[in-house]
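Written out below as structure tokens is the structure these notes cover.
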Amino acid sequence: MQYNPREIEQKWQKSWADAGTYEVDMADAAKKFYCLVMFPYPSGDKLHVGHWYNYGPVDSYARYMQMKGFRVFEPFGFDSFGLPAENYAIKTGVPPKESTEKNVEYMRKQIRAIGTMYDWSKEVVTSSPEYYNWTQWVFLELYRRELAYKKKAPVNWCPKCQTVLANEQVSDGRCERCGSEVTKKELTQWFFNIKEYAEDLLQHEGLDWPEKTILMQKNWIGKSVGCDVSWEVDGHNLVLDTFTTTVDTVYGVTFVVISPEHPELKSIVTDSQRAEVEQYIEEAKKRSDIERMAEDREKTGVFTGSYVINPFNGEKVPLWVADYVLMNYGTGVVMGVPAHDQRDMDFAEKYMLKIVQSVVDEKGESFVYDDVDKYNVKGRIIDSGEFTDLPILEGREKMIEYMEKKKIGRAKIQYKLRDWLISRQRYWGAPIPIVYDPEGNAHPVPEEHLPWMLPTDVDYLPKGKAPLASSEEFVARTEKIFGKGWRPEVDTMDTFVDSSWYFLRYPNPQKEDGPFDKELVKKWLPVDMYVGGPEHACMHLLYARFIHKVLMDDKKAEPFKRLVHQGLITKDGAKMSKSKGNVVSPDEFVEKYGSDIFRMYLMFMGPFTEGGDWSDRGITGIARFADRVWNFIHGEHVGKDSDEVLRALHGAIKKASEDMEKLQFNTVLAGLMSFINVALAPGATIEAKKQFLQLLAPLAPHLAEECWEFLGENKTIFDAGWPSYDQKYLVAQEFELVVQVNGKVRAKLMVPAEVSKEDALKLALENENVKSHLEGKQMKKEIYVPGKLVNLVVS
RNA sequence: GCCCAGGUGGUGGAAUUGGUAGACACGCUAGCCUUAGGAGCUAGUGGGGCAACCCGUGAGAGUUCGAGUCUCUCCCUGGGCACCA
């Protein structure tokens, strides 16, 4: 009999589905394991090998947990709102609903071919009214808690296409579609007040997350402790606040810089400078924040003609406008201290502004603050009035006290984290459940009108307004319910809102009277293992934590206990995307080799968390392995296993048990291959074969299930438990002692396992080659590492 | 520019966390088997050298009896930077 993957895979997938094997009884959550992969966006590219690389190994881990006796809940769904479907609609006229449903349908089929444990009865699709009903509920809940508010914020605007552009649609400041220069447009938009939770989001206690992700989130939130200093604008009845973490340098301020977007800027500019400043503002609109903050870029700026007064020494310093100051961080005004800040120095040198030193380090030398020592500097303040000679940190405190007393400033904690802008001037998203009365006041749509249906009579083509504004039905519906002159909000929600709570929906996605089943959520949350790409470290993962804290009414609640990032699979070094035309489909490989071999190959490619560049070179090695496994199982059953086979088997059990925990599937497979290399020729007992199959089962579920049955078992292998190894087979009688002279290997000797240091050294010194390297040398030191090596240090 | 990773044979990668660098595979070479499609089996395979040996984990320095692993500097590649998700 030959190994025929396609036949047995169909057989077992059908068998599992018919038996309802993976439909979880949610009522029983004792020893639960909630295993979650980030749900995909159903793009027109369909599934690519990167998806498989994620889902296959995670399912293998879930199967391993099942074998360890856990009740595994592994749900799946689709994050199906989003820009690509809308762009496709603009291009082809196919309604997003239609193309999305088609893509979802196709991807479901592709995913089923993997043979995962997904509980399809719990699937969620975010673009379905049954789901977005509750996304809207989430919005209303935040609104109720005063965590949703409106304010003006700029969007990328293409004047020619008359539409808002995503950052992705802007390249080099130009519209991707028509090439026109992109400008900024101010729109009133909805925000979630995530900053309210900044301090709680900085806490990651008890979470089994990658260090780097925690670090990235911390940097993203960007807490800095400092103060606001108030500067009176000379000749105006106006005060500008500057935020600084280094108020100790305030006597070194020789200019102050205001952001081009600052609302007070126009009232401050003098007539003689007006033309120049206005032109500068226009230029700044064309640049992205990233570009503006880049430190290697030539600093630009324009004098406003006005002066501000240093509240510490009364000195008048010029007020400049420059685009390296961003309105959305801090106050939009910064103090310029060229002596202690490189960027300020560049600016001062370019525009020939004064430079004044105000702090020095321990050695009395001038220094520039950088991020590393911003909060922990030693040195003292100089030439700073009554604060002169104070140590820097003490000086800061004194200065803040002084400001607070004189009401010219105050201590302040500043976060880089910005509030979450959730308004999108797009069609394919959940409508924001808000209506406006004839006076333009916002009112929440009452819950009984949810889902606040996304209208279908819309024009997807950009016409200068949000697509929903073109729906007659939408307005008619609003007037019918709320009264004449009432208008619906026409923006939809950021798709990150959809994905910020879906893990709460999974335990009972059919629930009709609430977003999630509180009882089940209490039992099943937190998610025990959450797996997704590292690109989500700062956005999705912060949003989900935030929404979870809000909905659970517990600022300490965390949704994801263990977090793992699968590596990225690239093609020729680049991220796979349709626009680059480098998407690799898994279908042909599954067709040719079957799911088990393809899945094992993806696992064998390298460490799960590292990913790599796609190549199918090497898949044949896995195919050979699968054949050898088949032949091994179907070969003669021997009556007794040799010591060698037993040692190999228990070594493989040990390796698999340890490495599965770390998701190091590649080395688990290497261990299984080593076993097969040892056991294939001599054969093994049925018992040994079964134990081996149990190790293989998570990695090649269909193959293992088929072989399990062949060996006479009639229940699924996934209920057979996980084997444990017996140490007695692993302790060697002898080991290879490495003998080094001055750190270089000069001999390898087989010695008894429990050799003493004296005996080991004696044996080492008897070796001819070692002797020759010691000749004429003086012994200085003898290093003995038990079970490993001897190092003879001579001179 | 800023934040975060990562650079090991011809290739993917392994290395008990400071102790034999290259496990397990791919590829390649030679031989066997008379050989229908992912052939199989055996042996070899980091570089140099006849050899003893020498050199080798992006580059350079440092710590150490001993460094792929720790420290510093530099170079390169990837991810993210708030409207792709």
Side-chain angles (χ1 to χ4, degrees), chain A residues 38-41 43 79 81-84 87 155-156 164-170 210-213 215-216 218-220 222 288-297 328 343 371 416-426 494-496 498-499 532-540 542 565 567-568 570 573-575 577 579 592-593 597 601 604-607 609-613 615 617-627 658 664 666-667 669-674 677 681 736-745 748 769 772 780-783 785 787-789 791-794:
Chain A
M38 289 181 189
F39 58 172
Y41 175 77
S43 79
D79 188 13
F81 272 139
L83 189 60
N87 287 338
V155 292
N156 297 315
V164 174
L165 296 178
N167 289 341
E168 201 192 36
Q169 296 172 299
V170 181
E211 273 307 316
K212 62 164 189 171
T213 310
L215 194 57
M216 276 194 273
K218 287 194 164 157
N219 290 333
W220 182 265
S288 72
D289 289 359
I290 294 171
E291 194 187 338
R292 283 168 54 171
M293 284 189 301
E295 268 175 27
D296 58 346
R297 179 176 151 249
N328 52 24
R343 199 160 52 173
D371 283 330
K416 275 204 193 82
L417 181 71
R418 315 210 280 254
D419 273 345
W420 177 9
L421 169 64
I422 60 139
S423 294
R424 297 291 182 271
Q425 296 70 41
R426 308 208 180 278
D494 178 8
T495 56
F496 277 125
D498 308 333
S499 56
E535 67 275 19
H536 294 289
C538 292
M539 304 184 68
H540 164 63
L542 270 181
H565 298 303
L568 186 73
T570 56
K575 207 173 158 173
S577 75
S579 56
K592 188 167 176 194
Y593 296 98
I597 287 171
Y601 174 61
F604 192 60
M605 270 175 63
T609 52
E610 274 172 33
D613 205 53
S615 159
R617 167 203 317 231
I619 191 165
T620 146
I622 298 293
R624 279 178 201 153
F625 170 65
D627 269 342
E658 288 168 358
Q664 279 178 24
N666 54 335
T667 53
L669 267 164
L672 297 185
M673 286 172 175
S674 297
N677 290 347
E736 195 181 51
L737 179 77
V738 170
V739 184
Q740 298 180 329
V741 177
N742 284 346
K744 288 211 156 72
V745 181
K748 297 175 182 179
N769 195 36
S772 74
K780 276 175 66 187
K781 207 169 174 183
E782 292 153 342
I783 313 269
V785 183
K788 295 251 160 59
L789 57 74
N791 188 10
L792 306 168
V793 185
V794 296

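Note that these values count all heavy atoms, side chains included, but never hydrogens, waters or copies made by symmetry. A, B, ... follow the sequence lines: proteins, then strands. Residue 1 opens every chain.
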Nearest of B:C83, B:U20, B:G80 to any side-chain atom of A:Ala166?
B:C83

Which is true for A:Leu417 with a 4.0 Å heavy-atom rule: it touches a base, it touches only sugar-phosphate, or it touches nothing?
base

Rounded distance (Å) that lies between atom P of B:A39 and atom OH of A:Tyr593:
8 Å

Given atom CD1 of A:Ile619 and atom C1' of B:G38, what is their separation to the nearest angstrom?
9 Å

Base, sugar-phosphate, or nothing for A:Glu782, non-hydrogen atoms under 4.0 angstrom?
nothing

Can you tell me the distance, in whole Å, between the CE atom of A:Met673 and the P atom of B:A14?
13 Å

Scan A:Leu421 against the nucleic acid and name what it touches under 4.0 Å (heavy atoms): base, sugar-phosphate only, or nothing.
base

Any base atoms under 4.0 Å from A:Val164, or only sugar-phosphate, or nothing? Heavy atoms, all strands.
base

Rounded to whole angstroms, how far apart are CH2 on A:Trp420 and P on B:A85?
12 Å

Is A:Asn666 near enough to B:G12 that one of its side-chain N or O atoms lies under 4.0 angstrom from OP1 or OP2?
no

Atom NE2 of A:His565 and atom C1' of B:G78 are separated, to the nearest Å, by 15 Å

So what does A:Phe496 hit on the nucleic acid, given a heavy-atom distance under 4.0 Å: a base, only sugar-phosphate, or nothing?
base

Chi-angle category of B:U17 [syn within 90° of 0, anti beyond]
syn

Sugar-phosphate only, base, or nothing, as touched by A:Pro607 at under 4.0 Å among non-hydrogen atoms
sugar-phosphate

Testing the basics here: between A:Val794 and A:Val741, what is the closest heavy-atom pair and its distance to 0.1 Å?
CG2-CG1, 4.0 Å

Rounded distance (Å) that lies between atom P of B:A82 and atom CZ of A:Arg424:
11 Å

Is the phosphate of B:C84 approached by A:Asn87 (side-chain N or O, under 4.0 Å from OP1 or OP2)?
no

Base, sugar-phosphate, or nothing for A:Asp419, non-hydrogen atoms under 4.0 angstrom?
nothing

Classify the angle between the aromatic ring planes of A:His540 and A:Phe496 as parallel (below 30°), tilted (30 to 60°) or perpendicular (above 60°).
parallel

Picking from B:C84, B:C83, B:C24, the nucleotide nearest the side-chain atoms of A:Pro84 would be B:C84

Could you check A:Gly671 against A:Leu789 and say which one's nearest nucleotide on RNA chain B is further toward the 5' end?
A:Leu789

Are any of A:Arg624's side-chain N or O atoms less than 4.0 Å away from OP1 or OP2 of B:C26?
yes

If pairing means Watson-Crick or G-U wobble with both distances under 3.5 Å, then the partner of B:C53 is B:G48

Given B:G80, is OP1 or OP2 found less than 4.0 Å from the side-chain N or O atoms of A:Asn219?
no

Which of B:G79, B:G12, B:G27 is nearest the side chain of A:Phe604? It is B:G12

Mind checking if A:Asp613 touches a base, just sugar-phosphate, or nothing, with heavy atoms under 4.0 Å?
nothing

In Å and rounded to the nearest 0.5 Å, what is the NE2 to OG1 distance from A:His565 to A:Thr609?
10.0 Å

If you look at every strand shown and take non-hydrogen atoms under 4.0 Å, does A:His536 touch a base, only sugar-phosphate, or nothing?
base

N or O in side chain of A:Thr495 less than 4.0 angstrom from B:A85 OP1/OP2:
yes

Contact class for A:Val793 vs. all strands (heavy atom < 4.0 Å): base, sugar-phosphate, or nothing?
sugar-phosphate

Which part of the nucleic acid, if any, lies within reach of A:Asn791 when heavy atoms closer than 4.0 Å are counted: base, sugar-phosphate only, or nothing?
base

If you round to the nearest 0.5 Å, how far is CE of A:Met605 from CD1 of A:Ile619?
10.0 Å

Assigned partner base of B:U20, Watson-Crick or wobble definition, under 3.5 Å
none

Shortest side-chain distance from A:Glu168, nucleotide among B:C84, B:C83, B:C53
B:C84

If B:C72 has a Watson-Crick or G-U wobble mate with both distances under 3.5 Å, name it; if not, just say none.
B:G60

Length of the CG-C1' vector between A:Leu669 and B:A23, whole Å:
14 Å

Distance below 4.0 Å between A:Asn742 side-chain N/O and B:G66 OP1 or OP2
no

Walking RNA chain B from its 5' end, the first of A:Lys744 and A:Leu568 to be reached, judged by nearest nucleotide, is A:Lys744

Calculate, to the nearest 0.5 Å, the distance between atoms OG1 and CG belonging to A:Thr495 and A:Leu83 respectively.
9.0 Å

Using a 4.0 Å heavy-atom cut-off across all strands, classify A:Ser43 as base, sugar-phosphate, or nothing.
nothing

State the syn/anti category of B:U34 according to its glycosidic angle, syn meaning within 90° of 0.
syn

Any donor-acceptor pair under 3.5 Å joining the side chain of A:Gln740 to the base of B:U20?
no

What is the glycosidic conformation of B:G22: syn, defined as within 90° of 0, or anti?
anti

Taking pairing as Watson-Crick or G-U wobble with both contacts under 3.5 Å, can you name the mate of B:G40, or confirm there isn't one?
B:C32

With rounding to the closest Å, how many angstrom separate the P atoms on B:A59 and B:C75?
15 Å

Give one of base, sugar-phosphate or nothing for A:Gln169, where a contact means two heavy atoms less than 4.0 Å apart.
nothing

In whole angstroms, how far is the P atom of B:C81 from the CE atom of A:Met216?
11 Å

With respect to the phosphate group of B:G12, does any side-chain polar atom (N or O) of A:Arg617 fall under 4.0 Å of OP1 or OP2?
no

Given B:A5, is OP1 or OP2 found less than 4.0 Å from the side-chain N or O atoms of A:Lys212?
no

